[in-house]
Amino acid sequence: MERGTRSRGAGNDTVLRVENLKTYFDTPEGTVRAVDGVSFAIRRGETLALLGESGCGKSITALSLLQLVPEPAGRIVAGEVWLGDQDVLALSERDMRRVRGRRMATIFQEPQTSLNPVLTVGLQIREALPDVADERAARRRVIELLESVGIPQAPERYDAYPHQLSGGMKQRVMIAMALAAEPELLIADEPTTALDVTTQAQILKLLKELQRQTGTAVLLITHDLGVVAEMADQVAVMYAGQIVEFASRAAFFREPRHPYSQKLFRSLPNRLKRGVSLDVIAGAVPRLDQEFRGCRFLERCDFAWDRCRAEVPRWLEGADKGVRCHLYDPPADRAAREPGSLANAVASEGTARRATPERSRGLLEVKNLKVYFPVQRGLLQRVVDYVRAVDEVSFSVPAGRTLALVGESGSGKTTVGKGILQLIRPTAGEVLFDGQALTRLSERELRPLRRQFQVIFQDPYSSLDPRMQVGEILEEGMRAQRLLGDARARSKRAAELLAQVGLPASARHRYPHEFSGGQRQRISIARALAVEPRLIVCDEPTSALDVSVQAQVLNLLRRLQEELGLTYLFITHNLGVVEYLADEVAVMYRGRIVEQGGAEEVLTRPQHSYTQALLAAVPKIELPAERTALPVSGRDGRA
Ligand code: SF4
């Protein structure tokens with residue numbers, strides 16, 4: 001029987017024990033082995049992080065534990081799931097309903113979709129409470145729970161509907177609901193992915209505190225190494241339906257062993273990698289409707305050799321850690337491959353520091369920009385006040401440079417971007433593009449200039465017309481701007497653009513939905529490039545992507561800047577991205593810039609208390625690459 005990690009310590013304090021779980025899906029193409037022999041255990045008060053990129057089986061593992069695998073296509077074909085001494089997979093649906101939300105609770109990424117919009121939050125938490133003597137006591141308990149998750153004015157919030165709460169507040173309500181029944185196990189599936197960095201920090205702190213008080217075991221599903229560093233006691237790395245590495249948090253961050261784990265670290269952007277291409281995990285997770293004869297990571301691994309092709313790596317286990325890779329297996333053909341240390345690999349990626357373009361006057365200059373939205377009241381819709389979304393914002397971006405605009409959601413970053421692009425007409429102030437005041441131009445005068453400043457959004461899917469083929473999407477802008485005379489020239493240019501962003505020419509005849517998130521973002525970049533812009537406003541262009549795909553997109557943006565001399569205004573809340581890419585940083589808080597300056601200066605010696613708080617909120621990862629020598633010792637197989 002194939003095993004994943006051995007379930008450790010099945011003693012009295014083991015809350016969840018999963019043994020050789022297999023969940024398959026029947027599809028027209030064949031049987032997809034989404035979860036293929038996964039084993040782990042979680043003790044009381046412990047957090048196990050299940051880490052990996054999209055499509056590797058993390059969420060299906062969680063759904064399997066809850067017996068919520070979508071039927072009829074999906075089915076659990078083998079394995080055991082024990083919650084305490086209860087055999088979960090032997091329970092009927094009726095009994096399972098008593099387990100879900102009571103003994104096993106869940107928090108998902110999108111509280112919006114998990115909360116019922118027509119019920120008050122108080123009632124929703126009330127429903128999750130186990131038997132309470134009377135309604136007054138129940139109401140008191142709900143208010144206590146709202147207070148315990150840090151919701152202010154809890155008695156009033158009892159009667160609020162979900163839409164009246166912010167994203168962070170809704171996630172707190174989800175946590176209160178999940179904890180109402182005092183579950184033994186909490187499954188948190190990307191609980192902070194949709195939140196900004198400061199709200200994320202508050203939610204993670206809250207989860208830790210509540211866990212400390214209640215002793216709940218937590219299965220944390222995430223693709224974010226920062227969240228793992230902050231929260232996990234144990235880490236299990238999943239790839240293509242299997243666990244490929246298991247370790248304590250300290251051991252994992254000190255010495256990630258599996259080549260996939262090492263690549264995850266190497267693809268993270270940070271200050272030390274400025275001017276150097278980030279390592280990317282080329283290719284994709286393999287199709288899971290095949291029988292594997294070798295290693296599943298084979299096609300993406302830098303260390304693969306003949307044995308990896310011919311033999312499925314077995315699970316190698318040591319005290320509280322394990323790995324699935326031939327590099328650590330005794331009969332390894334040692335001469336075949338000599339994987340260098342991670343530190344060396346990073347060094348060999350290239351040392352070409354970015355040549356700093358000469359400072360010039362700002363291609364983009366923003367002076368005292370104000371964007372106010374009127375607040376109207378009464379029958380006559382009289383303007384009674386203004387929301388100052390952007391207030392007296394000034395900065396300048398020289399040609400060929402990158403300015404990062406950072407701050408939490410709602411701080412006005414995106415509104416600044418829209419004000420610059422004249423998608424919102426500013427209330428006051430000036431936007432000068434190459435010396436020309438865009439704010440004084442009519443829409444007609446702006447039209448021919450528009451091609452010089454383009455935008456890339458966070459969600460490429462909603463910004464690409466699903467009914468148009470990629471070729472048409474790329475040619476649309478050229479046609480509108482009357483670039484290139486005839487259809488043949490435009491089609492040739494579309495093929496060139498696709499090559500420039502690393503997509504095949506055949507992509508022209510396909511639709512956006514046929515591409516992955518990272519590929520769609522490449523299409524958005526190609527579309528922006530089609531009209532030969534000089535400035536690109538990048539609005540959170542990588543925040544929806546897995547870390548390795550993010551690395552590919554960041555590498556591409558950096559290369560295009562070098563080749564084409566592009567100027568970027570980079571709107572983001574990811575400070576790792578800022579450290580890696582930005583020359584200058586402007587920090588926004590409540591519509592104003594509270595600090596700005598050189599990226600190194602602002603990020604290492606922040607002056608404003610808000611910048612200091614923002615930096616403190618970012619989960620810290622100590623990268624193995626920052627040390628001198630690294631892993632891959634222990635290739636003798638002694639795990
Ligand atoms: Fe790479 Fe081979 Fe290890 Fe697989 S078994 S991760 S291909 S070295």
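What you see is a predicted model; the values in this text were computed from it and never measured. Ligands are counted one by one from 1 in listed order, and the atoms in each one are counted from 1 as well.
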message = Give me the nearest non-hydrogen protein atom to atom 5 (S) of ligand 1 as residue plus atom name, then the distance to 0.1 Å.
response = His326 N, 3.3 Å
When you compare the side chain of [Y] with that of [X], does any pair of heavy atoms fall below 4.5 Å?
X	Y	value
Phe253	Val228	yes
Leu48	Phe246	yes
Val323	Ser261	no
Arg558	Glu562	yes
Leu498	Val470	yes
Leu207	Glu230	no

request  = Please work out whether any backbone atom (N, CA, C, O) or any side-chain heavy atom from C-beta onward of Cys325 is under 4.0 Å from ligand 1, and answer side chain, backbone, both or neither.
outcome  = both
Part of Arg307 with heavy atoms under 4.0 Å of ligand 1, whether side chain, backbone, both or neither =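 The answer is neither; Arg307 stays 4.0 Å or more away.
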ask   = Is Cys308 close enough to atom 4 (Fe) of ligand 1 to have an N, O or S atom under 2.8 Å?
value =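 Short answer: no, not a single N, O or S atom is under the cut-off.
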Ligand 1 atoms in contact with [X] (distance to a heavy atom under 4.0 Å):
X	value
Leu327	8 (S)
Pro259	6 (S)
Cys301	1 (Fe), 6 (S), 7 (S), 8 (S)
His258	6 (S)
Leu298	7 (S)
Cys295	4 (Fe), 5 (S), 6 (S), 7 (S)

query = Closer than 4.0 angstrom: is that true for some heavy atom of Arg324 and an atom of ligand 1?
reply =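 In this structure, Arg324 fails to qualify as a contact of ligand 1 - no heavy atom is under 4.0 Å.
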ask   = Hey, are Glu291 and Arg293 close enough for a salt bridge, meaning a charged N less than 4.0 Å from a carboxylate O?
value = no
Pair Gln552, Arg522: side-chain N/O donor-acceptor within cut-off below 3.5 Å =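 Yes, because at least one side-chain N or O of Gln552 sits under 3.5 Å from a partner of the opposite role on Arg522.
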